[in-house]
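Here, residue 1 is the first one in the sequence, and each next residue gets the next number.
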Amino acid sequence: MLGLSAKLYRNTGTYGTPTWTLVNNVTDLTGNDSMEEADASTRGDGGFAASEPTLRALELSFGMINKPADTDVAAFLAAYIARTSLDIAVMDGLMATVGSKGVRARYKIHQFPRAQELRGVQTFDVMLKPCVDANPPVDMTIS
């Protein structure tokens, strides 16, 4: 699967009745998905450390081109400034395609640095992490 086939969606509706808006102004996206670990070592492990996965940690990082008229840039910037959450789905294909998979979560933006390179366009490097919410992150498969 090509990276350019992957999609980032922002819910502009309610959680129960989502209206998924495709966010097109996204450059490279990295979705870190890792398990924290607990030390499960015992004397019976023959001198080797043993661990077990515990909490699943998600983090999204992506770039956006600074386009003043872009409603997604405005929504992400407003959420960053106000410290409010966004309902985001990161999918491996279109939301309307049966079999597309991804993760949906309520995220808050933790970083929003601006790059103004002399030979490039102005960009934002956005970093989000799931936040406290009544609806925990979920794995999605479109059926």
Measuring only between side-chain heavy atoms, which start at C-beta, is [X] closer than 4.5 Å to [Y]?
X: Met1; Y: Asp92; result: yes
X: Ile88; Y: Leu8; result: yes
X: Ile142; Y: Met95; result: yes
X: Lys101; Y: Met140; result: no
X: Thr123; Y: Val121; result: yes
X: Ile109; Y: Leu86; result: yes
X: Leu29; Y: Val90; result: yes

What do you reckon, is CG of Asp28 surrounded by more than 12 foreign heavy atoms closer than 6.0 Å?
no
Do any N or O atoms from the side chain of Ser85 and from the backbone of Arg106 form a donor-acceptor pair under 3.5 angstrom?
no
Does the Thr19 side chain pair with the main chain of Thr12, one donor and one acceptor, at a distance under 3.5 Å?
no
In terms of heavy-atom contacts, Pro130 and Leu58 come closest through CD-O, 3.2 Å
Apply salt bridge (charged side-chain N to carboxylate O under 4.0 Å, His left out) to residues Asp139 and Arg56 and explain how you reach the verdict.
CA-CA 12 Å; Asp139 291 302; Arg56 188 170 165 191; 2.9 Å; yes
Check the pair Met35, Thr54 against side chain to side chain contact (heavy atoms under 4.5 Å, CB included), reporting the backbone distance first and the verdict last.
CA-CA 6 Å; Met35 296 281 186; Thr54 61; over 6 Å; no
With sequence neighbours left out, what residues match Ser100 under side-chain hydrogen bond (donor to acceptor under 3.5 Å, both in side chains)?
none
Applying ring-ring contact (aromatic ring centres under 6.0 Å, His included), which residue pairs with at least one partner in residues 41-63 are found, sequence neighbours left out?
Phe62-Phe76
Answer yes or no for Arg104 and Tyr15: cation-pi contact, defined as NZ/CZ to six-membered ring centre under 6.0 Å and angle to ring axis within 45°.
yes
At what distance, to the nearest 0.5 angstrom, does OH of Tyr107 lie from CD of Glu59?
10.0 Å
Return each pair, listed once, that meets side chain to side chain donor-acceptor pair (under 3.5 Å) where at least one residue sits in residues 63-82; pairs must be two or more places apart or across chains.
Arg10-Asp72, Asn25-Asp70, Asn66-Gln122
